[in-house]
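Take a look at the following structure, please.
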Amino acid sequence: SVVAEDQKFSLKEVLDTFKLCLTENKEVYLEHYVAGWRGLVKFLNSLGSVFGFISKDAVNKIKILVGYLEGDNGSQYVTIQSMMKYELDSGLVDLTKRGNHPESGCRTLLRLHRALRWLELFLERLRTSSEDGKTSVMCADAYNESLAQHHPWVIRKAAGMAFCMLPGRLAFLEVMNVGTPEQVVAMLGEALPLISEVYQITEELYAQNNMLDLP
Ligand code: 1PX
């Protein structure tokens, strides 16, 4: 059915949204960034309900950002750059401890941004893995190297258990809906530099504005 098609993940679609993310002068469109995450969540959902607690958090954060995009001040949220400037200039960000703005666009996007680093590390491992590579190990290694540093013990524990439920490498490559394993690997090779560039640009913005540790 049309609905089922719409729910179906394809790596190509995510690649296309990340391609649309960057403006000519390297600003990051929030709309496409969020759309990229929507596509990834679709993928996660297709892996089964054990990942529900993860996709739920991602969906929550996506919703917060879409709320700003579609809200009265939506024009301030066109790019990550304009969002940061607007929220900082208007005092809409809790900078050192949680206060009146626990759901600022800046702190919400920072969580997804950190997860994007996990994605980059994981996909790079997947891309270069051998046929008998274990997705659960690749996933855990990528996680420990990135996101885990920002998560309390209980989340790390739950994430670790979820990783063990990941399908094996071949099945995993198959749900990406690209084609043969070789074709997936080729597409990952195309996607990774894009994801990496979006990550780097965003990381620099957060660093420049001293916002890498927003509560
Ligand atoms: C090409 C396909 C690749 C697979 C795509 C999978 C997409 C994964 C989407 C993961 C999004 C995770 C967002 C997590 C944001 C976060 O760090 N939130 C925490 C902090 O938020 P707060 O508002 O409290 O400051 C929050 O506590 C998170 C709770 C949920 C658990 C997060 C575990 C993250 C594991 C990430 C790896 C996903 C594994 C998927 C296997 C393919």
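Read the numbers this way: they start at 1 and go in the same order the structure lists the ligands and their atoms. Throughout, numbering of the chain's residues begins at 1 and tracks the sequence. Quick note: numbers below take in every heavy atom, side chains included, and nothing from hydrogens, waters or symmetry partners.
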Which atoms of ligand 1 have any heavy atom of Leu40 under 4.0 Å away?
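Heavy-atom distances to Leu40 below 4.0 Å select 5 (C), 7 (C).
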
Please classify the Val41 to ligand 1 contact at 4.0 Å (heavy-atom distances, strictly less than): side chain, backbone, both or neither.
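It is neither; nothing of Val41 touches ligand 1.
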
For atom 30 (C) of ligand 1, what's the nearest protein heavy atom and its distance?
Phe53 O, 3.8 Å

Check this for me: does any side-chain nitrogen of one of Arg125 and Glu145 sit under 4.0 Å from a carboxylate oxygen of the other?
yes

Check Asp94 against Pro102 and note the closest heavy-atom contact, atom names and distance.
OD2-N, 3.5 Å

Polar side chain donor-acceptor pair, Tyr86 to Asn73, under 3.5 angstrom:
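Yes, a side-chain donor-acceptor pair sits under 3.5 Å.
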
For ligand 1, which part of Arg114 has a heavy atom less than 4.0 Å away: the side chain, the backbone, both, or neither?
neither

Atoms of ligand 1, numbered as shown, that sit under 4.0 Å from any heavy atom of Arg107
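Every atom of ligand 1 under 4.0 Å from some heavy atom of Arg107: 22 (P), 23 (O), 25 (O).
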
Would you please indicate if the ring centroids of Tyr206 and His113 are separated by under 6.0 Å?
yes

Suppose we measure from atom 13 (C) of ligand 1 to each protein heavy atom; which comes out shortest, and what is that distance?
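Minimum-distance protein heavy atom for atom 13 (C) of ligand 1 reads Ala115 CB, 4.0 Å.
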
How far does NZ of Lys85 sit from SG of Cys106, to the nearest 0.5 angstrom?
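Reported value, rounded in 0.5 Å steps: 12.5 Å.
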
Enumerate the atoms of ligand 1 whose separation from the nearest heavy atom of Leu147 is less than 4.0 angstrom.
17 (O), 34 (C), 36 (C)

Heavy atom of Lys56, distance to ligand 1 below 4.0 Å:
no

Which of the atoms in ligand 1, numbered in the order shown and given with their element, are less than 4.0 Å from a heavy-atom of Leu166?
41 (C), 42 (C)

Looking only at side chains, do Ser196 and Glu120 share a donor and an acceptor under 3.5 Å apart?
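Ser196 vs Glu120: donor-acceptor pair found between side chains.
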
Quick check on Met176 - does any of its heavy atoms sit under 4.0 Å from an atom of ligand 1?
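Yes; Met176 lies near enough to ligand 1 that a heavy-atom distance drops under 4.0 Å.
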
Drop me the distance from Arg117's CZ to His150's NE2, to the nearest 0.5 angstrom.
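Reported to 0.5 Å precision, the distance equals 10.5 Å.
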
Pull out every atom of ligand 1 sitting under 4.0 Å from any heavy atom of Lys61, numbered as shown with elements.
21 (O), 22 (P), 23 (O)

Nearest neighbour in protein (non-hydrogen) for atom 40 (C) of ligand 1:
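Heavy-atom neighbour on the protein nearest atom 40 (C) of ligand 1: Leu44 CD1, 3.4 Å.
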
Nearest protein heavy-atom contact for atom 3 (C) of ligand 1: which residue, which atom, what distance?
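Nearest neighbour among protein heavy atoms for atom 3 (C) of ligand 1, to 0.1 Å: Leu119 CD1, 3.6 Å.
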
Using a 4.0 Å heavy-atom threshold (strictly under), name the region of Val14 that reaches ligand 1: side chain, backbone, both or neither.
neither

Ring centroid separation for Phe172 and Phe122, is it under 6.0 angstrom?
yes

Show me which atoms of ligand 1 lie under 4.0 Å from any heavy atom of Ile155.
27 (O), 29 (C), 31 (C)

among protein heavy atoms, the one nearest atom 26 (C) of ligand 1 is Asp57 OD2, 3.6 Å

Nearest protein heavy atom to atom 32 (C) of ligand 1, by residue and atom, and its distance?
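Sorting protein heavy atoms by distance from atom 32 (C) of ligand 1 puts His151 CE1, 3.9 Å first.
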
Apply the side-chain contact (heavy atoms from CB on, under 4.5 Å) test between Glu27 and each candidate in Leu22, Thr79, Val78; give the one that qualifies.
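So, applying the side-chain contact (heavy atoms from CB on, under 4.5 Å) to Glu27 and each of Leu22, Thr79, Val78, only Thr79 qualifies.
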
Can you find a protein heavy atom under 4.0 Å from atom 24 (O) of ligand 1?
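Answer no: nothing from the protein, no heavy atom, is under 4.0 Å.
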
So if I count the atoms of ligand 1 from 1 in the order they appear, which ones are less than 4.0 Å from some heavy atom of Phe163?
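It comes down to these atoms of ligand 1: 37 (C), 39 (C).
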
Could you tell me whether Lys26 and Glu197 make a salt bridge, using a distance below 4.0 angstrom between a side-chain N and a carboxylate O?
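Glu197 and Lys26: salt-bridged.
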
Check Arg127, Lys19, Lys12 against Glu190 for a salt bridge (charged side-chain N to carboxylate O under 4.0 Å, His left out) and give me the one that passes.
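Testing Glu190 for a salt bridge (charged side-chain N to carboxylate O under 4.0 Å, His left out) against Arg127, Lys19, Lys12 leaves exactly one candidate, Lys19.
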
What atoms of ligand 1 come within less than 4.0 Å of a heavy atom belonging to Trp37?
9 (C), 11 (C)

For ligand 1, find out whether one of its N or O atoms is nearer than 3.5 Å to an N or O atom of Tyr143.
no

When only distance counts, is Trp118 in polar contact with ligand 1, meaning an N/O pair under 3.5 Å?
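Trp118 vs ligand 1: no N/O contact under 3.5 Å.
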
Under a plain distance cut-off of 3.5 Å, with no hydrogens placed, do Ser146 and Arg114 share a side-chain donor-acceptor pair?
no

Atom 12 (C) of ligand 1 has as its nearest protein heavy atom Ile54 CG2, 3.9 Å

Taking side chain as C-beta onward, heavy atoms only, is Val178 less than 4.5 Å from Ser10?
no

May I ask you to identify the nearest protein heavy atom to atom 20 (C) of ligand 1, giving residue, atom name and distance to one decimal place in Å?
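Checked against all protein heavy atoms, atom 20 (C) of ligand 1 sits closest to Arg111 CG, 3.9 Å.
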
Side-chain donor-acceptor contact under 3.5 Å, Glu87 with Tyr77:
yes

